[in-house]
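In what follows, a single structure is set out as structure tokens and then discussed.
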Amino acid sequence: MDVAFSLPEDLARRLQERWGDLSRRALESLVAQAYREESLTLGEVRRLLGHETRMETEAFLKEQGALLDYSEEELEQDLEAALKASDR
């Protein structure tokens, strides 16, 4: 799905001078907010932004102030999954 909106030319130019690609900036802002609200998962954020690694996505979310707390339970689940994967 494509999403579009209009900006007055003078404001668009000013914002573009400051932020560069406004379409990308809008996408990143939308995705970061959706992650904050737990509407998107980390994997979905990674997919939408085309990141190669989870670390790249986590760095993006940290920069946006959107990285959610990592619970001890989530850490244990990740450790279990890593151990199972290494046993293969």
Rounded distance (nearest 0.5 Å) linking atom CG of L48 with atom CG of L30: 8.5 Å
Residue pair L27, V3: steps toward the side-chain contact (heavy atoms from CB on, under 4.5 Å) verdict: CA-CA 10 Å; L27 174 63; V3 178; over 6 Å; no
Any side-chain heavy-atom pair of E9 and L11 under 4.5 Å: no
Nearest-0.5 Å distance, OG1 of residue T41 to CD of residue E44: 3.5 Å
Note, R14 side chain near R18 side chain (heavy atom, < 4.5 Å): no
R24 side-chain N/O to L49 backbone N/O, donor-acceptor pair under 3.5 Å: yes
For Q33 against E37, the heavy-atom pair lying closest together: NE2-OE2, 2.8 Å
Atom pair CG (L42) and CZ (R47), whose distance is rounded to the nearest 0.5 Å: 13.5 Å
Hydrophobic cluster membership, W19 vs F5, 4.5 Å side-chain cutoff: yes
Any donor-acceptor pair under 3.5 Å from S29 side chain to A26 backbone: no
Separation between CZ of R46 and CD of E58, rounded to the nearest 0.5 Å: 10.0 Å
Residue pair R25 / Q16, side-chain heavy-atom distance below 4.5 Å: no
Rounded distance [0.5 Å steps], CD in E28 versus CG in L61: 10.5 Å
Lys/Arg N to Asp/Glu carboxylate O, E17 vs R13, below 4.0 Å: no
Test item: Q64 side-chain N/O and F60 main-chain N/O as donor-acceptor pair under 3.5 Å: no
Heavy-atom closest contact (A32 atom, A66 atom, distance): O-CB, 3.8 Å
